[in-house]
Every structure is written in C-alpha cells, then in structure tokens.
Q: 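The structure under discussion is supplied below as structure tokens; questions concerning it will follow.
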There are 2 protein chains.
Amino acid sequence: MTDLNAPSAPRIPPKRADAQRNKQMLLDVAAALFVTSGVEVPVREIAARAGVGTGTIYRHFPTRAELIIAVYRHQVETCAEAGPVLLARYVSPYAALGEWIQLFVDFLATKHGLADVMQPGDPSFDALHRYLIDRLVPVCMAFLDAAVEADEIRPDIQAYELMRGVGNLCIGAGNDAHYDARRLVALLIAGLRRAQADARVDPGDELSG
Amino acid sequence: MTDLNAPSAPRIPPKRADAQRNKQMLLDVAAALFVTSGVEVPVREIAARAGVGTGTIYRHFPTRAELIIAVYRHQVETCAEAGPVLLARYVSPYAALGEWIQLFVDFLATKHGLADVMQPGDPSFDALHRYLIDRLVPVCMAFLDAAVEADEIRPDIQAYELMRGVGNLCIGAGNDAHYDARRLVALLIAGLRRAQADARVDPGDELSG
DNA sequence: ATACATTACGGAACACTGTTCCGTTTGTCA
DNA sequence: TGACAAACGGAACAGTGTTCCGTAATGTAT
C-alpha cells in the first residue's frame, strides 16, 4: 500500500492544492446553480459564483457536458446499480422495470433542462449523451430481456429506444404544471405489455358504412 | 363586392410590390432550408440565400417562430382538419385517434428540429408552441372524449398532455437511425387502452421471498 | 415625366452565448 | 529563498438572435 491514490489509474501528478480546491468549489457551485437555474446556466455565471475565471472552469472540465456529468455521476451510478437489485427483488421483471424507470424519471425530471441536452446530435453534448446511454442502456436491457423471457412484454422494443423515449418524455417537465412526465412514462411502459393491440388498425376492419 | 381583399380583416395597406416579393421569397427559401438544415438554420443564412438583409426578414417575421409558423401553417391546418374526418370515418374512436396521431407524427418527425422547439419556456418560441397547441389540442380532445365515451381508453389523460408527449417523442427523430419515433408513439397510444395494468405495481403484491 | 412622401431595405451594431489563448500569479520543492 | 512548473484570470474570438437607422426603392400626385 505505497499508493494512496487510485490503485490502477495512471494519475501521475497529484495536482496542486488550489487546483483541487477550485475543482471542488466548481462542482458545488454548479450543482447549486443547476438546481436553481437549470443545467443551461451560463458558464460565466458558474465561474463568477465560484470566484474563478472562465479559463479555470474549462481547464477542469473541458466542456460543459463534462461538468454536468461530473455533477450527476453519483446519482446516475446509483440509478444504474439499483437495476439488478430491483430485478432480483421482483417476481415480475415487468414490474421491476416499471419501478426502475420511475427512479430514472425522478432523477431526470427534477434536473431542469438535463433531459433537453440528453439527445445526440449536438457535438458539445455528445459526451453527456454517450455517458448516460452507455451506463443505463445495459441495465435497461436486462429488464427487457427478462420481461420478454417471461412473456410479459412485446419483444420488438430496444433498450436504447426505450431509454431515449423516456428521456424525451422528461423534457420540459417542471416548466409546465399541466405536463406530468411520470404519467406519460407510465403510459409508455403500459404500452409495452404483450397482447396489446397496436394503436394503428387496418382501416378495412374498422371503417363504418 | 367592392373589396377584393380579405372581407373582414382590417388590412389597410395593400403593401408594396417588392415587400410582397421578398416575403414570398423568404417563405420559399426558409421552407427549403428547413428541409436541408433543420428549423434551427441561422437567420443570416436564410436572409443571405434569399438575397435580402437581416432587417428585412425581421420586418416580415418579427421572430423566428413566426417564420416557422408561416412555413408550416398549411400542413398544420391540414392535419387539424383531418381530425373530424377520421373521427367520423371510424367505428372506433381509439382507432381513429391512432390514425390521426400518425399523421401528426409524420408531420413532426420529418421536420428536423421542429419538435425540439415545440416546448414552452423559451419566450422566443412561445408563439410557435401556442399556435400548435391551440390548433391541435381541441382536435385531440374530440378523439379522447369519444374514446372515453366508448370505454376504449382510460379517462385520466388530458389532450394537452398527450400532444406534448407525442411531440416530445418526436424530438431527435431523423438524427438517429436507432430511434423510431413512430414506434414509441404507437407504444404510448397502446398504453392508453382501458383495463391496462399500470406500469407501477405495489411491491407488496409482487415481491419475491 | 417629375417630385416627393412613405414604405421597405441592408447590414452594421448590440447583447448574449460557449470556448480558446496567453500574460500573470501562485504553489511546491530544493 | 529562489526557481519553475502548474494553475489562474479575463480579454478575445466565433457564432447566435435581434435591433437600429441611414439609404434606396416605390407608388402617387402633380
């Protein structure tokens, strides 16, 4: 035990004291501002509240997305780790999936604007999108596989697609008293059930007259 | 019949010829650019391609949202008018709703970035959000009321909420080959069905051990 | 046809983003 | 204490949407 740092990470320089202090300060200030002003709060404002220059923020977090990841990493990990636990606890994988998705929605919907930037396309936020997808899609896939195996849900839905859909439904939650992301996500999950008629029906069977 | 213009609108000045020409040119250029570059294409680029200055574009369309509305108004009207027709044609209001929602999704998902901007909150795009909501929510409500009346769907979903949910699911469609907005919307609509178990189940009934 | 008032135009300028760059300051270690 | 690498601050850059105003085009009255 000669190395008190990470056992295997190639972290050569232990960093300067002021740098560590500033990084932690930025994380704390960003977390607070994300709550009050959303994740789209200007970088300048985070820097100002932390009492540092804009250069400092970009030295520690090369892009806004990486700051967001750092702030929420712990909660995302918690959510991901809850997956196997829930799956083991329930008889019904479908019920377990519903429970887990609720955890995810509770996380996303309370982070103003986080869902908005969780989409691919914007190169600046690709790191954030990839992190969330890479971490959570495998967890979701375990639920889906088990539920399909148990013949509880239709087999034609991909974990990635479902996570993107749930993420999209969380966009704007909190800005709009008449929009309840949780209820819509519950609807989406309900639509997964097997033996559920498709929304689109052949008009030949249904037309009147 | 002394007035060849709009019969009741208070349109006092018939406008100058160059102004009319520029307005039409801007609509055409914007429609083309929205297809190739999405509705988030810079205002400067629309102006440049139309051969006008940025001032001109803002004189005709005080905000980007109003230009977008003008470009798509005809398609939105068509979609809205299709509602009552479909509702009358089908025996099942639920089947009619599914058909109509598909029309809406086909419209939204093929307009790069339009769904992204259909949310409330951004004051610059509030006009666009309100236009779509005001025009389409009443149509949707007719479907829902009829389907509830026919006991086909659960009664606890609002037309506004459903439209927002469908709109959200269309965000990013087209940027991502692995994301199919139509399939997810179909899932959401399937979740509307009555007698459908809620996604969330009381753990007391389901826990193993 | 010409003069002229009005309407509309063009693009520079403003305010606000995220991000980069570099001269200056600070912490660490000999 | 001195030297030097590490880290800092904030000006500067690039790209948005939007506003402003001097200039040009247009329609009309003469």
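Because only heavy atoms are used, hydrogens play no part in the values below, and waters and symmetry mates are left out as well, while side chains stay in. Proteins come first, then strands; the chains are lettered A, B, ... in the order of their sequence lines, and each starts at number 1.
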Q: Between residues 58-69 of chain B and DNA chain D, which residues have a heavy-atom gap below 4.0 Å?
A: Y58(B), T63(B), R64(B)
Q: Looking at F125(B), is R64(B) sitting on its ring face, NZ or CZ under 6.0 Å from the six-membered ring centre and within 45 degrees of the normal?
A: no
Q: Within the structure provided, determine whether L114(A) and L128(A) are in side-chain contact (heavy-atom separation under 4.5 Å).
A: yes
Q: Is the shortest side-chain N/O distance from T56(B) to OP1 or OP2 of dG10(C) below 4.0 Å?
A: yes
Q: With nearest nucleotide decided by heavy atoms, which residue, P42(A) or G55(A), maps closer to the 5′ end of DNA chain C?
A: P42(A)
Q: Over all heavy atoms of both residues, which pair between L169(B) and A181(B) is shortest? Give the atoms and the distance, please.
A: O-CB, 3.5 Å
Q: Can a side-chain donor-acceptor contact be found between Y131(A) and D126(A) if the only test is distance below 3.5 angstrom?
A: no
Q: Do D106(B) and Q102(B) pair up side chain to side chain, a donor and an acceptor below 3.5 Å, judged on atom types alone?
A: no
Q: What parts of residues 25-40 of chain B reach DNA chain C, counting only heavy atoms under 4.0 Å away?
A: none
Q: Counting only side-chain N and O atoms of N22(B), is one of them less than 4.0 Å from OP1 or OP2 of dA8(C)?
A: no
Q: Could you tell me how far apart I57(B) (CD1) and dG17(D) (P) are, to the nearest whole angstrom?
A: 10 Å
Q: Looking at R49(A) and E45(A), does any basic side-chain N land under 4.0 Å from a carboxylate oxygen?
A: yes
Q: With no hydrogens and no angle check, is any side-chain donor or acceptor of T63(A) less than 3.5 Å from a backbone partner on E66(A)?
A: no
Q: Which nucleotides of nucleotides 25-30 of chain C have their base under 4.0 Å from a protein heavy atom (B), which only their sugar-phosphate (S), and which neither (-), written as one string 5' to 3'?
A: -BSS--
Q: Separation of E45(A) atom CD from dG10(D) atom P, in whole Å?
A: 16 Å
Q: Take a 6.0 Å sphere around CD of Q158(A) and say whether it holds more than 12 heavy atoms from other residues, nucleotides or ligands.
A: no
Q: Grab the CZ-C1' distance between R44(B) and dA14(D) for me, whole Å please.
A: 11 Å
Q: Of all the heavy-atom pairs spanning L188(B) and V166(B), show the shortest one and how long it is.
A: CD2-CG2, 4.1 Å
Q: Would you indicate whether E77(B), at its atom CD, is surrounded by more than 12 heavy atoms from other residues, nucleotides or ligands within a distance under 6.0 Å?
A: yes
Q: Hey, which of these two, G53(A) or T54(B), hits DNA chain D nearer its 5' end, going by closest nucleotide?
A: G53(A)
Q: May I ask you to check whether Y72(B) and F107(B) place their ring centers less than 6.0 Å from one another?
A: yes
